[in-house]
Structure formats: C-alpha cells, structure tokens
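Contents: one structure, followed by commentary.
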Amino acid sequence: MSRKKTPKSKGGSAPATSALPAANGPRLVRPGTACPGSKTSPNGLLQQGQSPLGSGGDFYDVAFKVMLVGDSGVGKTCLLVRFKDGAFLAGTFISTVGIDFRNKVLNVDGTKVKLQIWDTAGQERFRSVTHAYYRDAHALLLLYDVTNKASFDSIQAWLAEIQEYAQHDVVLMLLGNKVDSAQERVVKREDGEKLAKEYGLPFMETSAKTGLNVDLAFTAIAKELKQRSTKAPSEHRFLLHDYVRREGRGAFCCRP
Ligand SMILES: Nc1nc2c(ncn2[C@@H]2O[C@H](COP(=O)(O)OP(=O)(O)OP(=O)(O)O)[C@@H](O)[C@H]2O)c(=O)[nH]1
Ligand SMILES: [Mg+2]
C-alpha cells in the first residue's frame, strides 16, 4: 500500500444545484449550524476549497467514501461533527443545504484509513443531489431519530433508494440517534433491532450529544472497509455485525 500526502484541506460542500460528485468549484455551505461544522469564510465559501478523495493533508494508506443519509433533523451533521471534532452544540437547527464533507484519518490496526464523510441534506428537495453521490460511496450510515417515529418509518424508503442508487456491495449500517433524549423516545430499541435484522444490517443506537457509540460506528465501518480492501485471511476476518454487537455501549446497550 502506498503512503500518500496531499495539500491540506479539511472538507467542503457542493452547491445544492450541483449533481456532480466531488465538485471542484467553489462550494456554498450553509451559513451557520447548530453544530460547529464546516469552516467557512465570511462570504460563505470554504476557506480551503476542494478536497477530492485522495487529498486531505494527512498521510493515509487507504481512503474510502462514507455517506450519512436519513430524514432531515435526525442528527447527521451533529454525528459527523461529534466524530470529527468531538463537539456538540445544541441550538437552533439549521438544515444542511446540498452536501458537505469532512475528512478523518483513523488508525485501524496499524493502517491509516482515511474516511471522506459526506453529510447529505435530508430534505426531500435535495434528494436528486444526493442520488448522484450514492454510486461512489463505499459505506452508508443510515440514521433515524429515536424521538421521531416518522424518521423511523422512512427507513424502508431510504433502503429502497439505496438499493436503486448505491453500489450493490456498499457497507450499510443502521443508526438510531438521540438516545440521550430518553423522555422523548418513541422508537424502542427492539424496533430498531427488528428492522435491522429484517434487512441484515448492523445496528446501533447513538447520541451525537453525548458521543455514545459515535466513534464506534465510524471505526466499525473503517475496519470493514479496510478488511475488504486488504483481503485478510479468513481466520482474521473482521465481522462487522459481531463487532458492533460486542462493542456497543449505552443504557439501551447493544449486547444480547
Ligand atoms: N438530543 C439530541 N439532539 C440532537 C442529537 N443529534 C442532533 N440533535 C439535534 O437535532 C437537530 C438536527 O440535527 P442535525 O444534525 O442538523 O440534523 P440533520 O440530520 O443533519 O438534518 P438535515 O441537515 O436537515 O438533513 C439539531 O437541533 C441538533 O442539535 C442527539 O444525539 N441528541
Ligand atoms: Mg445536516
């Protein structure tokens, strides 16, 4: 595996009107966010522009593209910010416009795995933009909000969309976010588990607010993708489902 180093760039976004993956032109980003997200200049453009897969300022051995999908408001942007920056800033919810991305390099058993994580807009009106990015994604994190039944009911429609637009061997994980909001919970953990089992998906409950299982979700994806790329001998095979079941934490813990 080759070592790579490219110019520094933290992330970017594509304008809502663009349907091109990894657009290279100036990217508009939302002016503010409930989570401390993309670094933008006062005019709303990214300070450090393009960062196609393969760039990002850090050494890495392998790179993969991960997409966050799910209804508007489920916490995709906050999950990404929690993972990237270890922060959560509660406040006014400002919906993502189009698509943003952030890079993070993880050390997976001595291999530097770079994840380029695309944060999509959950709003229906941006769906055609998102569709264009599916085909390049190596992994998808599909989120619902445990305090919002409608977002859970949408999962099947998201899965249909994924089946239509994503690669057939895409790594897919289901996440029930906002488990810190125990009082407002309307989707039981068992319901998430049942749905995940039905579709053969690894499943975890997360909280972007507390950080519960957030690193774990991305690490699990990175491990799975790394394994696929290195074709480890079968006795050392990484088993995504087992890993998630074993390592998952929380009040509604992931252990059987
Ligand atoms: N309590 C709690 N609130 C959260 C959590 N994650 C996100 N939120 C809140 O939920 C709202 C929506 O979060 P976002 O991350 O912007 O949602 P999104 O999925 O990116 O929404 P779109 O960009 O419209 O697709 C914000 O007000 C967040 O503060 C969480 O884990 N716990
Ligand atoms: Mg968002």
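Order of listing sets the numbers, starting from 1, for every ligand and every atom in it. Counting from 1, the numbers follow the sequence of the chain as shown. These values consider heavy atoms only, across backbone and side chains, with no hydrogens, waters or symmetry-generated copies.
Between A208 and ligand 1, at least one N/O pair is under 3.5 Å apart. At least one N or O atom of D180, backbone or side chain, sits closer than 3.5 Å to an N or O atom of ligand 1. Taking distance alone, with nitrogen or oxygen atoms compared against 3.5 Å, G70 stays at or beyond that limit from ligand 1. Backbone and side-chain nitrogen or oxygen atoms of K178 are examined, and one is located within less than 3.5 angstrom of a nitrogen or oxygen of ligand 1. Residue-to-ligand polar distances place C78 within reach of ligand 1: an N/O pair is separated by less than 3.5 Å. For the pair A121 and ligand 1, the shortest N or O to N or O distance does not fall below 3.5 Å.
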Let's go through T77 and T96 carefully: what are the C-alpha distance in whole Å and the side-chain angles of both, what is the deciding distance for side-chain hydrogen bond (donor to acceptor under 3.5 Å, both in side chains) to 0.1 Å, and is it a yes or a no? CA-CA 8 Å; T77 300; T96 301; 2.8 Å; yes
Could you walk me through whether R102 and D85 pass the salt bridge (Lys or Arg N to Asp or Glu O under 4.0 Å) test, one step at a time? CA-CA 10 Å; R102 307 290 296 273; D85 303 326; 3.4 Å; yes
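Ion pair R245/D242 flagged as a salt bridge, since at least one NZ, NE, NH1 or NH2 atom sits closer than 4.0 Å to an Asp/Glu carboxylate oxygen.
Side-chain N or O atoms of T130 include one that pairs as donor or acceptor with a backbone N or O of F126 at under 3.5 Å. Using modelled atom types, no side-chain atom of T111 and backbone atom of V113 make a donor-acceptor pair closer than 3.5 Å. Between the side chain of R82 and the backbone N or O of K209, at least one donor-acceptor pair lies under 3.5 Å.
Applying the salt bridge (charged side-chain N to carboxylate O under 4.0 Å, His left out) test to pairs two or more places apart or on separate chains, those with a residue in residues 160-182 are D145-K178. Listed by first and then second residue, the ring-ring contact (aromatic ring centres under 6.0 Å, His included) pairs involving residues 139-183 are H131-Y165, Y144-F152 (not counting sequence neighbours).
The closest side-chain donor-acceptor pair between S95 and S72 falls under 3.5 angstrom. No side-chain N or O of N213 forms a donor-acceptor pair with one of T206 less than 3.5 Å apart.
The option from S95, G75, G211 that lies nearest to atom 24 (O) of ligand 1, judged by heavy atoms, is S95. Which of S151, G73, A182 comes nearest to atom 21 (O) of ligand 1 through a heavy atom is settled by distance: it is G73.
Contact annotation: the side chain of E193 never approaches that of E198 to less than 4.5 Å [non-hydrogen atoms, C-beta and beyond].
Neither the backbone nor the side chain of T210 comes within contact range of ligand 1; no heavy atom lies under 4.0 Å. Contact annotation for S181 and ligand 1: only side-chain heavy atoms (C-beta onward) come within less than 4.0 Å of the ligand.
At a threshold of 2.8 Å, the Mg ion (ligand 2) has a backbone or side-chain N, O or S atom of T77 nearer than that distance. For a distance bound of 2.8 Å, the N, O or S atoms of S72 include none lying that close to the Mg ion (ligand 2).
Within the 4.0 Å heavy-atom shell around ligand 1 one finds G91.
Taking every non-hydrogen atom of G122 and a distance limit under 4.0 Å, the qualifying atoms of ligand 1 come out as 22 (P), 25 (O). With ligand atoms numbered from 1 in the order given, ligand 1 contributes 21 (O), 22 (P), 24 (O), 25 (O) to contacts under 4.0 Å with heavy atoms of S72. Atoms of ligand 1 found under 4.0 Å from any heavy atom of T96 (numbered from 1 in listed order, with element): 22 (P), 23 (O), 24 (O). Shown in contact with S207 at under 4.0 Å from a heavy atom are these atoms of ligand 1, numbered in order with element: 31 (O).
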